[in-house]
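Accompanying notes for the structure given below.
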Amino acid sequence: MQPDQAADYVAGILARHEVQFASREDGKGHLIVMGSSATEIHFAHWAEEDCVVNVSAIVLQQVPANQGMRLLKRLNKFNCEGFFSKFYLDEDLNQVRLEYDLLASRLQPDELMNALSVVALEADRVDDLLAQDFGGKTFGQAVQEALESS
């Protein structure tokens, strides 16, 4: 399955499950806002005839640089305790992200909805905790600040 086909298939699954989402203008990704986090679904080539469906959330942004090692230890603990998804610190973007990858050619609606639930609920569960312990902003805080400044 090619990325554009996977994007259409995923949009259909989300619509059938009555999940409110916004699609990118180019149709190559979707955004779902849940609680104080936002979950993105992206599509990337993986093999000749297939692609990866990447379900991810920005858990924390604008992370203070001096929190690196302490934060990495906490994320490693989350990864050891959790299943299916992975937390990581993207130092280039100064963000903590949570991801869950699926193979598009074998994607089942229940599998996608499980991935979406895992990422959205876990990101919403830990974002405020991490912001309190390490600084930075949750998605909800960043949106609120942007609204207040405009």
Side-chain angles (χ1 to χ4, degrees), residues 1 3 6-7 9-11 13-14 17 19-47 50-150:
M1 184 180 301
Y9 180 56
V10 166
I13 293 170
L14 295 173
H17 284 85
V19 174
Q20 292 185 1
F21 68 99
S23 295
R24 285 181 23 182
E25 285 186 29
D26 62 9
K28 295 183 180 181
H30 309 297
L31 177 72
I32 300 102
V33 176
M34 298 176 94
S36 60
S37 68
T39 302
E40 304 166 291
I41 303 176
H42 299 280
F43 308 90
H45 285 282
W46 182 69
D50 210 349
C51 74
V52 170
V53 178
N54 175 263
V55 181
S56 66
I58 299 171
V59 178
L60 199 59
Q61 47 197 331
Q62 301 175 18
V63 180
N66 64 347
Q67 296 297 325
M69 188 52 73
R70 259 186 68 231
L71 178 57
L72 288 173
K73 286 179 181 178
R74 176 77 62 88
L75 298 180
N76 190 48
K77 184 176 180 185
F78 287 162
N79 287 333
C80 290
E81 294 170 349
F83 298 103
F84 307 111
S85 59
K86 61 186 178 242
F87 285 92
Y88 69 94
L89 174 62
D90 184 328
E91 291 181 297
D92 292 336
L93 296 175
N94 203 23
Q95 299 174 341
V96 171
R97 298 188 64 89
L98 176 61
E99 292 191 344
Y100 191 128
D101 293 323
L102 303 160
L103 192 57
S105 65
R106 303 196 186 273
L107 185 62
Q108 299 296 314
D110 288 345
E111 183 181 30
L112 175 68
M113 296 309 295
N114 180 63
L116 180 59
S117 292
V118 166
V119 170
L121 294 174
E122 188 67 3
D124 191 43
R125 183 182 74 82
V126 303
D127 60 352
D128 292 318
L129 230 153
L130 291 176
Q132 181 180 4
D133 290 351
F134 299 99
K137 297 182 184 344
T138 67
F139 172 80
Q141 290 169 332
V143 168
Q144 185 64 36
E145 286 182 10
L147 292 172
E148 290 171 357
S149 68
S150 58

Query raised in the report: Measuring from Thr39:OG1 to Met34:CE, what's the distance to the nearest 0.5 Å?
Result: 7.0 Å
Requested in this report: Of all the heavy-atom pairs spanning Val119 and Val55, show the shortest one and how long it is.
Outcome: CG2-O, 3.8 Å
Query raised in the report: How long is the gap from CG on Asp127 to CD on Glu122, to the nearest 0.5 Å?
Result: 10.0 Å
**Report entry** Residue pair Phe139, Val33: steps toward the side-chain contact (heavy atoms from CB on, under 4.5 Å) verdict
**Finding:** CA-CA 9 Å; Phe139 172 80; Val33 176; 4.2 Å; yes
**Report entry** Considering all heavy atoms, the nearest Gln61-Ala142 contact
**Finding:** NE2-CB, 3.2 Å
Requested in this report: Kindly give the heavy-atom pair with the smallest separation between Val126 and Val59, and that separation in Å.
Outcome: CG2-CG1, 3.8 Å
**Report entry** Shortest non-hydrogen contact from Pro64 toward Gly135
**Finding:** CD-C, 3.8 Å
Requested in this report: Check whether any side-chain heavy atom of Val19 lies under 4.5 Å from a side-chain heavy atom of Met113, and answer yes or no.
Outcome: yes
Query - Closest heavy-atom pair and its distance - Leu98, Ala123 - result: CD2-N, 3.9 Å
Report task. Rounded to the nearest 0.5 Å, what's the gap from OG on Ser37 to CZ on Arg125? Could you check? Result -> 12.0 Å
Report task. Just jot down the side chain to side chain contact (heavy atoms under 4.5 Å, CB included) partners of Lys86, sequence neighbours excluded, or say none. Result -> Asn79, Glu99, Asp101
Query - Min side-chain heavy-atom separation Phe83-Val118 under 4.5 Å - result: no
Report task. Check whether any side-chain heavy atom of Ile41 lies under 4.5 Å from a side-chain heavy atom of Ile32, and answer yes or no. Result -> yes
Requested in this report: Mind checking side chain to side chain contact (heavy atoms under 4.5 Å, CB included) for Asp128 and listing every partner two or more places apart, or none if nothing turns up?
Outcome: Ser36, Thr138
Query raised in the report: If only atom types and distance count, is the side chain of His45 paired as donor or acceptor with the main-chain N or O of Pro3 below 3.5 Å?
Result: no
Query raised in the report: Atom CG in Leu71, atom CD in Glu91: separation rounded to 0.5 Å?
Result: 9.5 Å
Query raised in the report: When you look at Val63 and Leu130, which way does the side-chain contact (heavy atoms from CB on, under 4.5 Å) test go after all the steps?
Result: CA-CA 10 Å; Val63 180; Leu130 291 176; over 6 Å; no
Query raised in the report: Can you name the side chain to side chain contact (heavy atoms under 4.5 Å, CB included) partners of Asp26, sequence neighbours left out?
Result: Arg24, Lys28
Requested in this report: Look up atom CD in Gln108 and atom CG in Leu102, then write down how far apart they are to the nearest 0.5 Å.
Outcome: 11.0 Å
Query - Side-chain heavy atoms of Phe43 within contact of Val52, under 4.5 Å - result: no
Report task. In sequence, state the C-alpha distance, the side-chain angles, and the governing distance for Leu129 and Arg74, and then conclude on side-chain contact (heavy atoms from CB on, under 4.5 Å). Result -> CA-CA 11 Å; Leu129 230 153; Arg74 176 77 62 88; 3.9 Å; yes
Report task. Please answer whether the main-chain N or O of Leu107 pairs with a side-chain N or O of Tyr9 as donor and acceptor at a distance below 3.5 Å. Result -> yes
Query raised in the report: Once the angle between the rings of Phe78 and Phe87 is folded into 0 to 90°, is it parallel (under 30°), tilted (30 to 60°) or perpendicular (over 60°)?
Result: tilted
**Report entry** Sub-4.5 Å side-chain heavy-atom contact between Ile58 and Leu93
**Finding:** no
Report task. Search all heavy atoms of Gly136 against all heavy atoms of Ala131 and return the closest pair with its distance. Result -> O-CB, 4.0 Å
**Report entry** Distance-only polar pair, side chains of Glu148 and Gln144, donor-acceptor under 3.5 Å
**Finding:** yes
Requested in this report: Drop me the distance from Leu89's CG to Phe134's CZ, to the nearest 0.5 angstrom.
Outcome: 10.5 Å
